[in-house]
Amino acid sequence: MIEWLLKKIIGTKNEREIKRLRKVVEKINQKEKELDELTNKEVIAISKELFQKISQEESLKDEISKGRITEEVILAFALVKEAGKRTIGLRFFDVQLIGGLVLHEGKIAEMKTGEGKTLVATSAAYVNALTDRGVHVVTVNDYLARRDAQWMGPIYRFLGLEVGVINSDYSSYRVEWVDEDLFKKAVEEDLRVWPKGYFEEILPSEKINVEAKKAFFTKLVSCDRRSAYQAHITYGTNNEFGFDYLRDNMSFSLDDIVQVKGHHYAIIDEVDSILIDEARVPLIISGPSQMDTSIYYKADQAVRRLKAGEDYTVDEKNRTVQLKEEGIKKLEEFLGIENLYDIKYIDLLHAIYQSLKAHELFKRDVHYIVKDGEVLIVDEFTGRVLPGRRWSDGLHQAIEVKEGVPIQQENQTLASITFQNYFRLYQKLAGMTGTAETEALEFKEIYGLDVVVVPTHKPMRRKDLPDMVFKTKKEKWEEVVKQIEKEHSRGRPILVGTISIEDSEHLSKLLKERGIPHNVLNAKHHEKEAEIIAQAGRLGAVTISTNMAGRGTDILLGGNPEYLAKEILRKRVKFRRRLLRKSGSPLCKKHTE
């Protein structure tokens with residue numbers, strides 16, 4: 001009763017945090033009005049002075065690194081807000097500034113889907129990049145790393161900061177102006193996308209300065225890995241940051257190290273997925289082993305003679321298998337050996353256990369797919385296929401034998417680290433997600449991170465309904481199809497999230513039987529899928545997607561006009577090319593080029 005009264009009088013801890021930060025937001029908004037009066041040249045000069053001041057004062061650097069809100073931090077937030085208006089035509093809402101302040105303080109900001117977390121991250125990233133100690137912005141896939149860096153790049157570049165991007169396959173980029181001369185002209189002539197003195201929340205399309213918009217376009221330019229990390233802010237995926245750390249620790253020369261600025265500050269998107277769900281997933285760098293791979297064929301033949309429960313036990317929760325006495329006897333008889341546990345048979349015993357795991361714990365189209373005679377791992381958290389990745393310690397070979405595809409040489413572990421241990425290397429850590437409050441205790445105990453629930457900009461209209469639980473999968477799928485059929489007949493757009501490729505394809509099969517048109521996305525081609533999922537809000541659209549396909553794309557009711565415009569332009573270009581080819585016009589070759 002007393003606790004309830006106290007909450008009513010002074011509010012919950014979260015409410016008090018929001019109230020405190022709203023006072024800071026008021027100061028930022030006041031600074032924004034002062035900056036709005038200045039020219040582009042003057043705003044850029046202020047940013048340059050602020051960078052020099054902070055990067056040269058160790059005490060100020062430490063204050064910012066600790067997440068303190070100083071006068072310099074307030075000015076920096078106002079500069080980002082002003083730069084966002086002038087370069088990309090987006091003005092921070094107050095709740096987005098609150099989200100940025102939460103990130104700066106080294107906490108987790110829980111923000112609902114569609115609240116603009118990509119923009120939120122720029123404020124905290126800019127402030128901490130002023131220390132010149134390096135900032136890493138962690139996204140969930142390569143496409144989002146490139147997209148976010150290029151989309152938000154004009155803000156950073158306008159304010160004088162360098163931005164890098166790291167992707168898989170060791171490809172790296174720097175964000176540069178599409179036309180440097182056009183940018184300089186826009187600065188000289190004080191061109192702005194968002195008009196001076198306009199302080200409404202959203203800019204009507206007729207007020208957008210198209211000339212300024214063109215001047216502030218950025219592009220990605222290929223560079224070496226080290227150069228991408230030398231930038232003030234680096235965008236990339238959790239996997240790539242982790243693997244680069246392992247490679248650096250295996251380097252023989254300082255010249256080969258790429259993470260030159262160390263691990264100062266990281267902002268993690270979908271932080272609950274990376275720090276909780278995938279926390280203990282190991283990143284492994286492996287090399288070829290000298291072991292004879294033919295041993296796995298022998299192990300597979302032997303294992304196929306055993307029966308689960310009778311000859312061995314399976315623990316699906318801990319993902320282990322254990323041989324029983326009956327199973328050991330059967331194996332010894334089949335293999336013609338006296339003692340399977342003799343030291344000289346240790347490699348064979350290891351291969352047998354890996355073969356048992358392959359048969360019992362790793363399912364086709366759930367944990368892996370077979371394509372073009374190759375076993376490809378499927379990320380259990382994202383549903384994405386991971387080309388080039390292999391399980392270590394002979395597990396991949398055991399699965400290859402099980403599936404009857406050519407066996408490749410075994411790998412041995414050379415270096416390994418879990419996401420949990422990697423991200424604990426950072427001096428300051430922050431994150432964003434739509435669902436963090438439920439894991440608040442784990443974040444606090446494991447990483448020392450507090451969770452702040454940031455209110456939505458507008459009142460929530462979406463209905464978050466309780467879960468429905470069924471006795472069997474068959475009943476569940478029947479109800480899912482029934483609901484889809486019902487809503488589709490009314491023309492309502494439907495997005496269905498699944499946890500695996502197998503589930504996506506099963507549901508697709510059921511919908512085909514009912515004659516319901518739909519799209520299936522399995523997070524294999526991020527750019528293409530982002531365009532498809534952007535139109536998931538069209539009338540009567542049904543889209544089935546694994547949890548990570550097309551992540552970070554705005555789904556607007558009626559369809560996304562930006563992506564729709566791109567689609568229409570592509571169709572027009574294809575149509576024109578067809579006409580030119582048919583006519584045999586000499587322009588055809590030139591047009592194709």
Side-chain angles (χ1 to χ4, degrees), residues 134 136-145 164-172 225-226 228-229 234-252 256-289 318-319 354 357 361-362 367-368 375-397 399 408-427 429 431 442-443 446-447 523 526 547-548 551:
H136 295 166
V137 182
V138 186
T139 64
V140 294
N141 62 50
D142 285 344
Y143 162 64
L144 282 183
V165 183
I166 57 161
N167 271 185
S168 55
D169 301 326
Y170 225 62
S171 54
S172 312
R225 201 70 155 189
R226 191 185 180 100
Y229 276 109
T234 306
Y235 280 77
T237 65
N238 48 329
N239 285 334
E240 291 310 308
F241 282 119
F243 279 125
D244 284 342
Y245 170 75
L246 292 178
R247 282 188 280 261
D248 280 356
N249 276 273
M250 293 170 66
S251 299
F252 292 103
D256 296 330
I257 289 173
V258 294
Q259 290 186 342
V260 285
K261 291 191 175 182
H263 300 84
H264 167 57
Y265 178 53
I267 298 171
I268 306 173
D269 193 11
E270 305 298 346
V271 68
D272 55 332
S273 174
I274 293 169
L275 294 190
I276 302 295
D277 300 343
E278 299 182 48
R280 296 173 72 180
V281 173
L283 293 170
I284 299 169
I285 290 181
S286 53
S289 167
N318 294 309
R319 301 192 67 72
Q354 294 296 59
K357 283 183 182 178
L361 299 173
F362 289 83
H367 301 102
Y368 64 91
V375 172
L376 300 173
I377 298 173
V378 173
D379 189 323
E380 63 179 304
F381 299 102
T382 66
R384 285 187 291 128
V385 175
L386 304 173
R389 303 275 173 86
R390 292 177 64 81
W391 284 297
S392 60
D393 295 329
L395 177 60
H396 214 100
Q397 284 72 18
I399 293 171
Q408 295 180 30
Q409 192 174 13
E410 185 185 349
N411 290 329
Q412 60 181 345
T413 301
L414 301 177
S416 176
I417 193 169
T418 61
F419 286 128
Q420 185 180 101
N421 289 335
Y422 173 71
F423 284 109
R424 285 169 75 176
L425 294 170
Y426 285 87
Q427 293 171 37
L429 199 57
E442 287 176 87
F443 281 125
I446 301 168
Y447 303 97
H526 300 302
N547 61 342
M548 284 296 196
R551 202 66 177 261

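Just so you know, residue 1 is the first one in the sequence shown, and it goes up from there.
- Distance check, rounded to the nearest 0.5 Å: CZ of Arg280 to CG of Asn421 gives 10.0 Å.
- Contact check for Tyr235 versus Ile267: no side-chain heavy atoms found under the 4.5 Å cut-off.
- Remark: side-chain polar atoms of Gln408 are not paired, donor with acceptor, to backbone N or O of Gln397 under 3.5 angstrom.
- Interatomic distance, Ile285 CD1 to Met250 CE, rounded to the nearest 0.5 Å: 5.5 Å.
- Considering only heavy atoms from C-beta on, Lys261 stays 4.5 Å or farther from Thr234 through its side chain.
- In this structure, the side chain to side chain contact (heavy atoms under 4.5 Å, CB included) partners of Asp272, at least two apart in sequence or on a different chain, are Glu270, Thr433, Thr435, Glu439, Phe443.
- To the nearest 0.5 angstrom, Leu144 atom CG is 10.5 Å from Thr237 atom OG1.
- In summary, the side chains of His396 and Tyr368 do not present any donor paired with an acceptor at a separation below 3.5 Å, with no hydrogens or angles considered.
- Shown here are the ring-ring contact (aromatic ring centres under 6.0 Å, His included) partners of His136, two or more places apart in sequence or in another chain: Tyr229, Phe241, Tyr426.
- Residue pairs meeting the salt bridge (Lys or Arg N to Asp or Glu O under 4.0 Å) criterion with at least one partner in residues 415-426, sequence neighbours excluded, do not occur; the list is empty.
- The side chain to side chain contact (heavy atoms under 4.5 Å, CB included) test applied to Asn318 returns Asp315, Thr320, not counting sequence neighbours.
- In this structure, the side chains of Val258 and Ile166 stay at 4.5 Å or more apart for every pair of heavy atoms.
- Here the closest non-hydrogen pair linking Gln259 and Asp244 is NE2-CB, 3.8 Å.
- Between Arg319 and Lys357, the closest side-chain pair of non-hydrogen atoms is not below 4.5 Å.
- In this structure a side-chain-to-backbone donor-acceptor pair under 3.5 Å is missing from Asp142 to Asn167.
- Two rings, from Phe423 and Tyr447, have their centers 6.0 Å or more apart.
- Scanning all heavy atoms of the two residues, the minimum distance from Arg225 to Ser172 falls at CD-OG, 3.0 Å.
- Under a 3.5 Å cut-off, the side chain of Asn141 and the backbone N or O of Tyr143 do form a donor-acceptor pair.
- Between Val271 and Gly431, the shortest heavy-atom contact is CB-CA, 3.9 Å.
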- Pair Glu278-Asn238, side chain to side chain contact (heavy atoms under 4.5 Å, CB included): steps then yes or no: CA-CA 10 Å; Glu278 299 182 48; Asn238 48 329; 4.1 Å; yes

- Query: Run the side chain to side chain contact (heavy atoms under 4.5 Å, CB included) check on Ile268 and Leu429 step by step: do they pass?
  - Reply: CA-CA 8 Å; Ile268 306 173; Leu429 199 57; 3.8 Å; yes

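- Taking 4.5 Å as the limit, some side-chain heavy atom of Leu283 sits within range of a side-chain heavy atom of Phe419.
- Arg389 meets the side chain to side chain contact (heavy atoms under 4.5 Å, CB included) test with Asn239, Glu240, Phe243, Ile377, Leu386; sequence neighbours excluded.
- Partners of Asp256 by side chain to side chain contact (heavy atoms under 4.5 Å, CB included), not counting sequence neighbours, listed by chain and number: Ser251, Ser253.
- When all heavy atoms are compared, the tightest approach of Ser416 to Pro282 is OG-CB, 3.8 Å.
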